[in-house]
Amino acid sequence: MKQYIQPFINRTISKELREEDTVFYYDEADELLAQVDYDEGALQSVVYYQPEQHGVLAKDDILKLVKKVQQVFEKEHLIIDVIMDFDTSYLVHLVMEEPRYKIPIHSTGMNMTISYSGMLERMNFHSEEVEVIYPDHLVSKEEAKQVLQQQPLMKLGISPHMDWNYVYAPDYNIDGVETDGRVRLMASMPFMQDVCFKLLPEVEEVEDLRTFLQEGRNCTYEEYLLDDVTIWEMYSEEQESPIEGDVYECACMALKKIVGQEYEKYHLEHIPANFLENLGFEQSEDNVFESYRFVYVLDDISFDFHAIEITVNKEMNHIQSIKYPRIPFDRLKNLKRPSLTLDEANAIAQNLVDATLTLERGRVDSYLYSFTYSIDYPTSTTQGNIHYIDAWTGEVHFVDTGFM
């Protein structure tokens, strides 16, 4: 492995030390130069602690360094998928390429972090075990685009980025086009079965939130503001005793105290217990803690990204923490209706939309890839999809991806 490490560090390796699945490389002064991690014998990551310094890199210099890495690690079959700019470093994704349609195969290959000062800092490697399932029938890119142009791509929303005014935001239920030309709907995906918003129960009003959260407990209470999110935390250095009551009802009571009369507009985001398992993610064996997400819904506009999250200890019937991203309820009651109609917003999006043939996995732990047409906006200034459309001017704002 030394031959893969030495070309990218500024000192000579004189010693290596293995500890289980990790190998450490040192110089003569026993200073750590690099660390290599394996997972079941497969190379997983490399971290360089004394990398070569090349000075500030232009994009062409980045490409030269990437090419050198590919040559040294014998990964010249990989292609650059994206280069992302993270203000202090670049993240370069290299992936395998599907041979028939020349499509990047995500979650394969490797990625590397290169600092602004030109140092190769880290590399991560992904599995290259891939089986591509080719469809019996594949509609053309133009046919898929025409299908998308007939869909209601946008819906009315409210955005904090526009000072909590109306915008037209993407309807994320429209997820592209199947290879046979059918519209691909997120709600129809098998893993989305039983995902829904549930009405909240009628609960009593509590007089004081702090007293309610601490009642019957020997715990420390903290309340603070972090990035416009109010947080309440309760913790104890000693084992607490369980208290009586239904912990979900207690969470609803705390919610009602926080939001007052707006409680009736909040809904529980219900996600089945096996949701992550169906996607291929490992389920945590620790079922003691559970987080409830309460989403504000106003005139069919759901504030998913401003959900109040209440984490509870189900064994003790304790509320452990509350995270409350504030929503200006009073302001929302008197919003001026937009001058741009929904049909006009959809026309803007439909005029810009395109379809891109991509590969995806049904589960993150699967090596089987199938084709689908995803939504794309080729004229996007950020290489991203639409973030929102100004509901008065029609100006299109794209998601800031950081792609170069």
Side-chain angles (χ1 to χ4, degrees), residues 1-97 104-130 276 280-286 361 364-367 402-404:
M1 190 65 197
K2 284 174 60 175
Q3 70 271 24
Y4 301 122
I5 305 299
Q6 188 65 72
F8 304 105
I9 54 178
N10 58 14
R11 301 181 192 178
T12 302
I13 296 172
S14 62
K15 183 176 69 174
E16 65 179 74
L17 175 65
R18 176 179 289 272
E19 294 182 4
E20 297 182 347
D21 291 332
T22 302
V23 180
F24 300 95
Y25 294 90
Y26 298 88
D27 63 9
E28 291 183 351
D30 280 340
E31 186 166 359
L32 183 60
L33 302 177
Q35 172 183 328
V36 179
D37 289 289
Y38 296 86
D39 182 18
E40 297 182 353
L43 181 60
Q44 185 178 42
S45 66
V46 178
V47 180
Y48 298 98
Y49 294 104
Q50 300 292 334
E52 281 189 321
Q53 296 191 32
H54 301 277
V56 178
L57 299 181
K59 186 173 181 178
D60 288 345
D61 297 321
I62 296 173
L63 297 179
K64 290 179 183 178
L65 179 55
V66 170
K67 190 67 176 178
K68 178 181 177 181
V69 172
Q70 288 183 266
Q71 291 171 343
V72 170
F73 279 85
E74 301 173 349
K75 298 287 186 179
E76 292 178 273
H77 62 287
L78 301 179
I79 62 169
I80 294 178
D81 186 21
V82 294
I83 300 176
M84 301 185 69
D85 187 341
F86 284 101
D87 294 333
T88 59
S89 62
Y90 302 106
L91 183 63
V92 184
H93 290 268
L94 296 103
V95 298
M96 297 176 64
E97 185 178 57
I105 307 176
H106 67 84
S107 303
T108 63
M110 60 190 287
N111 58 54
M112 62 187 77
T113 301
I114 301 172
S115 73
Y116 272 14
S117 56
M119 295 184 292
L120 178 63
E121 297 180 338
R122 183 183 182 92
M123 292 193 296
N124 292 88
F125 298 84
H126 307 286
S127 171
E128 295 189 14
E129 183 179 7
V130 168
L276 292 178
F281 291 98
E282 291 187 8
Q283 291 282 75
S284 172
E285 296 181 0
D286 182 9
R361 297 179 294 177
V364 298
D365 58 351
S366 173
Y367 61 88
F403 293 170
M404 295 180 63

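All values reported here derive from a predicted model rather than from experimental measurement.
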Distance (rounded to the nearest 0.5 Å) between Ser127 OG and Glu129 CD: 5.5 Å
Stepwise side chain to side chain contact (heavy atoms under 4.5 Å, CB included) check, Met110 with Val69: CA-CA 11 Å; Met110 60 190 287; Val69 172; 3.7 Å; yes
Heavy-atom side-chain contact between Glu19 and Phe24 under 4.5 Å: yes
Test side-chain hydrogen bond (donor to acceptor under 3.5 Å, both in side chains) applied to Tyr48 and Asn10, step by step: CA-CA 10 Å; Tyr48 298 98; Asn10 58 14; over 6 Å; no
Side-chain heavy atoms of Tyr38 within contact of Leu43, under 4.5 Å: yes
Side chains of Met1 and Tyr25 in contact at under 4.5 Å (non-hydrogen atoms): yes
Side-chain donor or acceptor of Glu28 paired with backbone N/O of Ser14 under 3.5 Å: no
Heavy-atom closest pair, residues Tyr49 and Leu32: CE1-CD2, 3.4 Å
Residues in salt bridge (Lys or Arg N to Asp or Glu O under 4.0 Å) contact with Glu52, at least two apart in sequence or another chain: Lys68
Heavy atoms from other residues, nucleotides or ligands near CD of Gln3 exceed 12 (cutoff 6.0 Å): yes
Gap between atom OG of Ser89 and atom CD of Glu121 - 0.5 Å precision: 6.0 Å
Parallel, tilted or perpendicular: ring planes of Phe73 versus Phe8, cut at 30 and 60 degrees: parallel
Asp21 side chain near Gln44 side chain, heavy-atom distance below 4.5 Å: no
Inter-residue atom distance His93.NE2 - His106.NE2, 0.5 Å rounding: 12.5 Å
Reported CG-to-CG distance for the pair Leu17 and Asp30, which is rounded to 0.5 angstrom: 10.0 Å
Heavy-atom check, side chain of Phe125 versus side chain of Val46, under 4.5 Å: yes
From CD (Glu97) to CD1 (Ile80), nearest 0.5 Å: 12.0 Å
Donor-acceptor under 3.5 Å (Gln6 side chain, Ile13 main chain): yes
Within 6.0 angstrom of Tyr116 OH, more than 12 heavy atoms from elsewhere: yes
Criterion side-chain hydrogen bond (donor to acceptor under 3.5 Å, both in side chains) on Thr22 and Asp37, from CA distance to verdict: CA-CA 5 Å; Thr22 302; Asp37 289 289; 2.6 Å; yes
Qualifying residues under salt bridge (Lys or Arg N to Asp or Glu O under 4.0 Å), relative to Asp27, sequence neighbours excluded: Arg11
Close side-chain approach of Lys75 to Glu128, heavy-atom, < 4.5 Å: yes
His126 side chain near Asn111 side chain, heavy-atom distance below 4.5 Å: yes
Under 3.5 Å: donor-acceptor pair, side chain of Tyr4, backbone of Val72: no
Check: Leu33 and Ile5 side chains under 4.5 Å, non-hydrogen atoms: no
Approximate separation, where rounding is to 0.5 Å, of Ile79 CD1 and Asp81 CG: 6.5 Å
